[in-house]
Amino acid sequence: MSASPEKIQKLRLLIGEMSGLQPKEFFRAEDLPLGIPRGALVEVSGNLKTEWLIRFLRQNEKLQAFWMEKEQSILPTAIQQRGVGLDRVVFGEVADLYPAIRRVVQSQLFEVVVVPSAFEELRVLKALQLLAEKANTTVFLLAKKPQPAWPISVQLEVNADPAGAGLQVNLLKHKPAGVS
Amino acid sequence: MRVACIWFPDPRDVVPFAEDCLRFTPQICIREDQAVFLEIGKCYRLYSEEVFLARATRLLEKMGVQARVGVAGSIEWSLVAAKYGSILPEQLPLEALYELADPLGHDPKSQPFVQKLIHALPQLGVSCLGGFRAIPRRELASRFGSVGLLCRQRLDGELVFPWKAWLPPEEIRETITYMYAECPGAIEPLLFEAKRLLDRLFVRLRSRGVQAASLDVHLLCEKVSVNPERERNLTLDFLLPQADAKGALGILREFFAKEFERRPLLSNVEKFSLCVSKTVPCNAGQKNLYHGREERMEALGNLLSQLSQAYGKGSIFQAQLVEERIPEFSWQKVARVEGPGVQLKGRIPLRPTNLVKPQRIEVTENHVYIKKKPYRVKSWSESVERISARWLDGLVDRTYFQVEVENGPLLWIFCENGNCYYLHGYYG
């Protein structure tokens, strides 16, 4: 009989406390009882990934986000309509994403950085993961399809609920809770 | 009080001339692009009016500037004297009322009223200010309103225009000069020197309670045959005002990297100067010791300015909504969001998360073709939004629909001219 992911996560946190390690922080996410870990790479794929991300920002009201794209397609009007204040979001339209992300993450000024998943090289993801962990910043990668890369701690697939009740969130991977 | 007016028939920047006139008196007032006023009454022990006129004429000759000088007992009358050559009402045309009503040009709203007054007076047989003075005062208010009364009071010397003191703009500049071959023309040595200059500049700014919004950089290189362009004047505009030398140094590094990549320095630097050209007020009080909000805002301003410098103006921004129905114009880029902005709740339908440039698509009964790729339509909503705007300059008349397709996001499509369909965005 395998233990549930929630129990595994609780155990891990308990062990971490006992060994004097800093407990990992988690952001609240309505559809995810396990939460989103802070200082990790999170990949979100599916047809409604942007909707889910905006909902996540709405649920965590104090987070400051940096939204970066190669070509601006996100509509700020839509973000505000969905309940996220535009004073919390800084936008970047940058051709070469990686150096810009590095600087933003290293600055430790934003709890959340959102970028399209345009990195195929494993070493780039590994470097991003280390940077994110050191800066305690969560980097969300918006992908068309999930990619098998070990530096990514959490993978979600978000689509429309067939029953028509909003979003259907499929947890593909959650490293801190031992889900894969 | 005796006021001398130096009036320039051709509009020009009067600030350099006003600075030169500080030798006569510290009490100076200016009219933008037109005139400089000097209070010389209190300087009677230093020079007489005749001596002043001679010196002023000589100064104008040296500067190669055409101007007329007039001296009278107030700002408005000295301007009239300089412009028309007389202060006798009988010799002055009605146009002199413009100068009497608003000698410094600070009240453009009074101009139409004075214009009406000047057009009306000839119908009463008045052709000069002497005639205007002859009109009984009790009739002025009812005929010409408050402006007419004001002009009359100035004409009679009852109401003197208040003195608006001008002070020379303070230049916050730090300069360093080098001996031969002391400072190579490369980024790192220049930044090393810039740190010293920036430290001094920002200490001066802090004491004034201001932040730097723009820096002028002046580089003078050694004269060598391979370097035809030895002098460079550059302007660095910060995305957000800076209050810290360390932050400004990072931005200057990006600025020099871009500039010298495009046009490298070809010889050693002889003189390096930084001048703060624009400032904005800042909170000069003690920082709150219990939280680091001010430090965070400064660090954020610094990071965004550096990124903007590195990746181009307009690449890093926040968004502010505007009162515009057309989706692509419903927001604008700003350096920092100020205030709550436009509230959209209940005013417009839910917009898609992603907007694309309107691209023409083909629509059949069961499919939509986007870039020639077919997508089977699962459902086509009723019209969710109708936008009809800009009737005067480029009519926009769109009817929007939400279209659900197989294996794809919810599309936002509009129809224009009845049969042309365009993909404008998607919910995803």
Side-chain angles (χ1 to χ4, degrees), chain A residues 44-55 57 64-97 99-111 114 116 142 144 158-160 162 164 167, chain B residues 250 295-297 299-304 306-308 310-312 314-322 324-325 327-357 404-405 407-410 412 424-428:
Chain A
V44 189
S45 55
N47 284 334
L48 292 175
K49 51 188 180 294
T50 313
E51 293 273 7
W52 180 86
L53 200 49
I54 296 173
R55 185 188 285 193
L57 288 174
Q64 299 287 319
F66 197 109
W67 200 300
M68 211 181 298
E69 289 176 298
K70 280 192 178 176
E71 211 177 298
Q72 175 84 10
S73 70
I74 187 74
L75 183 60
T77 315
I79 294 179
Q80 212 227 40
Q81 276 186 309
R82 286 155 175 81
V84 177
L86 289 175
D87 54 335
R88 291 170 48 198
V89 184
V90 175
F91 299 92
E93 199 178 355
V94 166
D96 192 4
L97 288 171
I101 300 169
R102 277 190 69 106
R103 290 171 84 158
V104 172
V105 171
Q106 276 173 330
S107 71
Q108 299 183 34
L109 292 169
F110 295 92
E111 290 93 354
V114 181
L142 298 179
K144 285 184 183 154
V158 186
N159 290 303
L167 306 178
Chain B
E295 279 87 3
R296 189 188 178 275
M297 291 310 292
L300 182 63
N302 180 250
L303 171 71
L304 298 184
Q306 279 194 33
L307 289 173
S308 174
Y311 297 105
S315 60
I316 308 296
F317 54 91
Q318 285 196 294
Q320 185 146 50
L321 300 190
V322 295
E324 175 64 68
R325 198 63 189 257
E328 54 266 42
F329 301 121
S330 62
W331 63 279
Q332 64 185 14
K333 292 183 182 180
V334 293
R336 189 176 267 162
V337 167
E338 307 276 355
V342 173
Q343 292 305 319
L344 298 174
K345 204 171 180 182
R347 291 171 65 188
I348 57 171
L350 197 67
R351 289 271 160 87
T353 53
N354 295 77
L355 208 69
V356 298
K357 261 191 191 164
E404 202 180 335
V405 295
N407 301 325
L410 184 65
W412 204 47
H424 202 188
Y426 53 92
Y427 293 79

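These values consider heavy atoms only, across backbone and side chains, with no hydrogens, waters or symmetry-generated copies.
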Under a 4.5 Å heavy-atom cut-off, does chain B meet the side chain of A:L53, its backbone, both or neither?
-> neither
Euclidean distance, A:Q81 CD relative to B:R347 CZ, rounded to 0.5 Å | 11.0 Å
Please look at A:Q64 and chain B and tell me whether the side chain, the backbone, both or neither of the residue comes under 4.5 angstrom of a heavy atom of that chain.
-> side chain
Where do B:G408 and A:N47 come nearest, in terms of heavy atoms and distance?
-> O-ND2, 3.6 Å
Of the listed residues (B:N302, B:V334, B:L350, B:I348), which shares the most heavy-atom pairs with chain A below a 4.5 Å separation?
-> B:L350
With a 4.5 angstrom heavy-atom cut-off, could you sort out which part of B:K333 is near chain A: side chain, backbone, both or neither?
-> side chain
Toward chain B, the part of A:V89 with a non-hydrogen atom under 4.5 Å | backbone
CD on A:Q80 to CG on B:L321, rounded to 0.5 Å = 4.5 Å
What are the two closest non-hydrogen atoms of A:A78 and B:T353, and how far apart are they?
-> CB-CA, 3.9 Å
Options B:K357, B:Q320, B:R296, B:Q306, ranked by heavy-atom pairs under 4.5 Å with chain A, top entry | B:R296
Which atom of B:I316 lies closest to which atom of A:F66, heavy atoms considered = CD1-CZ, 4.1 Å
From B:W412 atom CH2 to A:L75 atom CG, the distance as rounded to the nearest 0.5 Å = 7.5 Å
Could you tell me which of A:Q108, A:E51, A:R82, A:Q72 has the largest number of non-hydrogen atom pairs under 4.5 Å with chain B?
-> A:R82
Rounded to the nearest 0.5 Å, the CG atom of A:L109 sits from the CE atom of B:M297 at a distance of 10.0 Å
Find the distance between CG (A:D87) and CD (B:E338) and round it off to the nearest 0.5 Å.
-> 10.5 Å
How far apart are the closest heavy atoms of B:S330 and A:T77, and which atoms are they?
-> OG-OG1, 2.8 Å
Contacting region of B:Y311 [heavy-atom separation from chain A under 4.5 Å] = side chain
Out of curiosity, A:I74 CD1 to B:N354 CG, how far, rounded to the nearest 0.5 Å?
-> 5.0 Å
Are any side-chain N or O atoms of A:E93 and backbone N or O atoms of B:F317, one a donor and one an acceptor, separated by less than 3.5 Å?
-> no
4.5 Å side-chain heavy-atom contact, B:L303 and A:F110 | yes
Is chain B contacted by the side chain of A:S73, its backbone, both, or neither, given a heavy-atom distance below 4.5 Å?
-> both
Select one option (side chain, backbone, both, neither) describing which atoms of B:L304 are under 4.5 Å from chain A's heavy atoms.
-> side chain
Over all atoms of both residues, closest heavy-atom pair of A:L86 and B:Q318 | O-NE2, 3.5 Å
